[in-house]
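Everything below concerns the one structure shown next.
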Amino acid sequence: MLESTKFIISKLSRDRTSLVGAFLLIALVLIAIFAPVLAPYPEDVTEFHPPERLFGPSMLHFFGTDRMGSDIFSRMLFGARITIAIAVIAVGVSVLVGVPIGLIAGYNRNWISDGLMRISDIFLAVPQIILAIAIAQTLGPSIENVILALSATYWPFWARLVYAETRSALTETYVEASIALGASPFRVMVFHVLPNISSSIIVRTTIGMGGTILTAAALGFLGLGPPAPSPEWGRTIAESREFLPEAWWYATAPGVAIFLVVMGFNLFGDGLRDILDPRTRRSNDG
Amino acid sequence: MLWFVPTLIGLMIITFTISHIIPADPVAFFAGENATAEQIEALRARYGFDKPLHIQLVNYLIGVTQGDLGISIYTQRPISEDLLARLPATMELTFMAVFFSTIVGVPLGVFAAVYRNSFLDHFLRVLTVSGLAIASFWLAILFQLLFAMELQITPLQGRIDGWGPEKITGFFVLDSLLVADWESLQSAFSHLILPTLTLAFPAMATIVRFTRAGVLDAINSNYVLYEQAMGLPSNLIIWKYVLRNALIGTVTQIGLIFGILIAGAVVVEAVFDWPGLGLYAVEAIMNSDYSAIMGFTLVTGAFFIIVNLIVDILHGIIDPRTQD
Amino acid sequence: MKHFKTFKALMLSVALTAMSLVGIPTDGMAKSKFVFANSSPYDTLDPHAIYDVGRVASRLNMYDGLMRWLDNPPKLTPWLAESYNISADGKTYTFKLRKGATFHDGSPVEAKDVVYSIERILALKKGAVSLFSKSIEPGSTQAPDNHTVVFNLNAASSIFLATVPAIHVVNSDLLKSKEVDGDWGGTWLSKNEAGSGSFELTRYDPAIGFQAKRYANHFMGWGDKYLDEIEFRTVKEINSRVLGLLNGDFHGTDGYLPQDQVKRLKADSNMNVLEEESMRIFYSIIHNGRKPFDDVNLRKALSYAFDYDAFINNILSGSVARNPVPVPNNIWGNPKDAKGYTYDLEKAKEYLAKVKGPIPEITIGALAGYGQTEQAAALLQNGLSKIGLKSKIVAEPWSVASKKMRDEQQMYDMLWLWRSTYYADPNNWVGEMYACDQVGARNNSWYCKPEVDKLLMEARVEPDQAKRAANYEKAAKMVTDDAGGIFVYNTKWFGPYNKKVKGVRFSPIGNAQEMRWVYME
């Protein structure tokens, strides 16, 4: 395990785009952790200064101030925490739910597995954002409900994926052999199938974080995310609209933040895929 | 394709469940702020909301088989009518986006592959990765900011100024051409520009990537090597054989692309106030219009399933070898 | 490569076509056609089905009532009625209709049409019905002759006259012919009109708006300056309305835009921004029926914790007038000497200390999509945290909030919203907002105090306006002293019009969307 990790890291560091991605992600994590220290006006997440509203970018306020007079730069830094929380928890939960379901469904050939896959298909028949909006709006705008809505609409993807991979893994000779030798289903799934497909899962998890962040931002934009005065990036973009075009910085800052974070996950994920999952490797010679 | 029907029924059950946990009471809303409790109850009975939930569901399912999707509480019109009325707007936009992203994306993907590792290739790689990292609603707002507000060369939003051409198909560009309504044509076209660009952006990125990959695979394949060895001119090889392979890759992704487009349409229509199905869905959800939400989900789900079906069939025709 | 060149050429030609198409200048507007950009959709044209400010234009321009509210300060003006008479006991109202008024199809407006209209309102139970349902029984309204209408109220009411303009008179013969399944012609009327108003409908699409042309035979007559055509279009985004105004695509839009946009419009040489004081108060409901908000000390603490100055002067750029009581400053019945509250954290803490028992996290409601309510909520939350109170903001769409407002359990602890003018009488504000018989309906504060209620009930039947004014003044002062809600400002209306537009007459009811006197130079 350690050997392969070292191998992965060394290969990654040779791929420029993956490095950029990794750099962005590390920056994101550091910003989220150290936001109170890095932000010039950390209290501006809840404090307002109406006389200073809608000031343009300056040395005092790198990205200007918003409609309540708060420093946008500081609020964006704190917004990173919300973004990470939503992405990690939502993707984490959907993986933790979807993967076992996929394993079980893939291993068995009974009505349970058919039923599970049928349910997954139902969820996958509609674009994730529609169902997520419906769920989030039903439950009310809050960060927990966004996470819930995203998890509830993402696990079927994993279930389907792992189901297909499990089915294919089961045809491998060594797996058939261990079943013949009397290994329990649990053993087979966890110790034989799972390691086989883990790299695929890891790659898609990374790339999936990017997509989840975009969907979460869309929910925030529509007003379904954490309520005012949260510095959530999607919500900030929505707030900024009525002040355009004069206050262009108000809409630009959060959008750039989202872009950089999603880029980070995508680039890093692409890099991981090239190393871990040669089957789906994109033609990348030269 | 028998799994079509149970999937759709399952979909309806799920949306029914979701839409009925909603705390808002749209009936109370439309009765108006002056309504008394009896008036609200009367209205509720009129829409059949006073019956127990499972009976409502059964009635709904029966209605669907007869083409009746219920009445929208918000617009007071049959939902099937509403959906039909809004469908052309989304289709026109989606079609334009597919068209644009294909005629721009495929050639770009081919060139990126043929001239791989050139400046163009690297530039495109950056662009396509970015294309998938930008939030659609933010891109829409940026386009509005730049082209509509600052430069003022496109309209800000909406589908057309004024009343539009005579309704024949519901596609404004087509209808304007058919009746030679040049003012409407110009207005419809100019209103299409920004939403199409926004919607096409991520789709184009995907198409470029997959076309490039497909072309590279083909170029490196033994088949092409053989043709080259036989002395066929390289232009011919590329455009006849490699492209076909690339298209196979793209067709496989059409299901994916449609997914991107429909999901994107929701947000893009919301920002541009484009009166299509996506905006209808957002409004229905915000207004807790139960029946409209179910109708929309049903139609979208069915559409998706059909698209995937067609893709599977097309795939089988174009490339009998099952790809991984 | 040959193919690359072809490709380039293709792209170039597409680009050129696009550019040239974009570059075609739009047609100039017809000379006397006025186009208004409205923020909400005209989803129905039935004047008895809706009663909100957002959709007033169709009612005002295509229909008439017995009386009409005009100008600012609002005057109740005889309209279809030329005179009226109130019986001594205040229960019988006799209106004499003017002769010569006709519907758009040429048939005369008669008393039976008025009777049909009020019966229709009562039967449909929508729109303005709650103004009449308590005082008029179905079948009690009579038409003794073609030009006399008699309303027999079941109790004396001083506000009835003020609400008469809400009875839009419809063409009863026409509607009866369009009736289907006892719907009172509702299905047909939602897409058509059966009125006698200054303009008649020419075109309607719920997704776009409506168009109407001048009705030359309107009984009010026309001078030599008027509009030939009016069009009211739905344009939801504020920025689109503003840009459209600046471009000349629209000639007017609603007067309650955010101040930043108003400044932008004022700065443009093609724009003329009219300014009037409206009657539309902005306030926060406090749920008086829920512990611990039933304690006046807590309510006072809340009232001292809101930064009124910052909100009015900074967030709203001083564009509104401070209105510390639940009656607009510019209507009779407003207690001119009421002090109201200021932003005073020391006083707030003083009163807070007197509150017994723990105070849970306060839920502050705001209306999603209405930035001002969210900003007010955030500002209040800020003030509350400074005096040690925790709160959370819940922003929900109006469809959700308006339902919760009617339910004692579901209602938020506080909710920021406006109270517009439906009729120009203090009863429209304090008389409904704090009356015991309106709890759960128009009184969403669950406020019910016998001393206040007595004043309000008296005023509802007292015919002498001076006496009524005294009652409302006292009641408003009592509610303010009792901190029944947090009252912030009275709205100013800033109507942006193209400078060619003249003759706009603003009234807080109608918000200048009546086009009868407007003309374009």
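Treat the numbers as computed from the prediction; the structure is a model and nothing was measured. Each chain gets a letter, A, B and so on, in the order its sequence line appears, and its residues count up from 1.
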Which atoms of [X] come close to chain A, meaning under 4.5 Å heavy atom to heavy atom: side chain ones, backbone ones, both, or neither?
X: B:V282; result: side chain
X: B:A281; result: side chain
X: B:L132; result: both
X: B:S130; result: both
X: B:I134; result: both
X: B:V129; result: both

- prompt: When you check the side-chain N and O atoms of A:S142 and A:E144, is any donor under 3.5 Å from an acceptor?
  reply: yes
- prompt: Which one, A:I237, A:L267, A:I129, leads in non-hydrogen pairs under 4.5 Å with chain B?
  reply: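 Top option by heavy-atom pairs under 4.5 Å: A:I237.
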- line: One option among A:A217, A:G211, A:G210 has the most heavy-atom pairs under 4.5 Å with chain B, and it is A:A217
field: Where at least one partner belongs to residues 242-258 of chain A, residue pairs that pass salt bridge (charged side-chain N to carboxylate O under 4.0 Å, His left out), sequence neighbours excluded
entry: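 Sorted pair list: A:E246-C:R264.
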- prompt: At what distance, to the nearest 0.5 angstrom, does CD of B:Q152 lie from CD of B:E150?
  reply: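 Reported to 0.5 Å precision, the distance equals 8.5 Å.
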So for [X], is it side chain, backbone, both, or neither that comes closer than 4.5 Å to the heavy atoms of chain B?
X: A:I213; value: neither
X: A:I133; value: both
X: A:F265; value: neither
X: A:V256; value: both

Carboxylate-amine/guanidinium contact A:D270 B:R125, below 4.0 Å: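 B:R125 and A:D270: not salt-bridged.
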task: State plainly whether the residues A:E165 and A:R160 are in salt-bridge range, i.e. N to O under 4.0 Å.
output: no
- prompt: Taking the six-membered ring for Trp, are B:F143 and B:F147 parallel (under 30°), tilted (30 to 60°) or perpendicular (over 60°)?
  reply: tilted
task: For B:E269, enumerate each residue passing the side-chain hydrogen bond (donor to acceptor under 3.5 Å, both in side chains) test, keeping only those at least two apart in sequence or located in another chain.
output: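 With sequence neighbours excluded, B:E269 shows a side-chain hydrogen bond (donor to acceptor under 3.5 Å, both in side chains) to B:T90, given in chain and number order.
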Smallest separation among heavy atoms of B:P155 and B:L194, with atom names: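 That closest heavy-atom pairing would be O-CD1, 4.0 Å.
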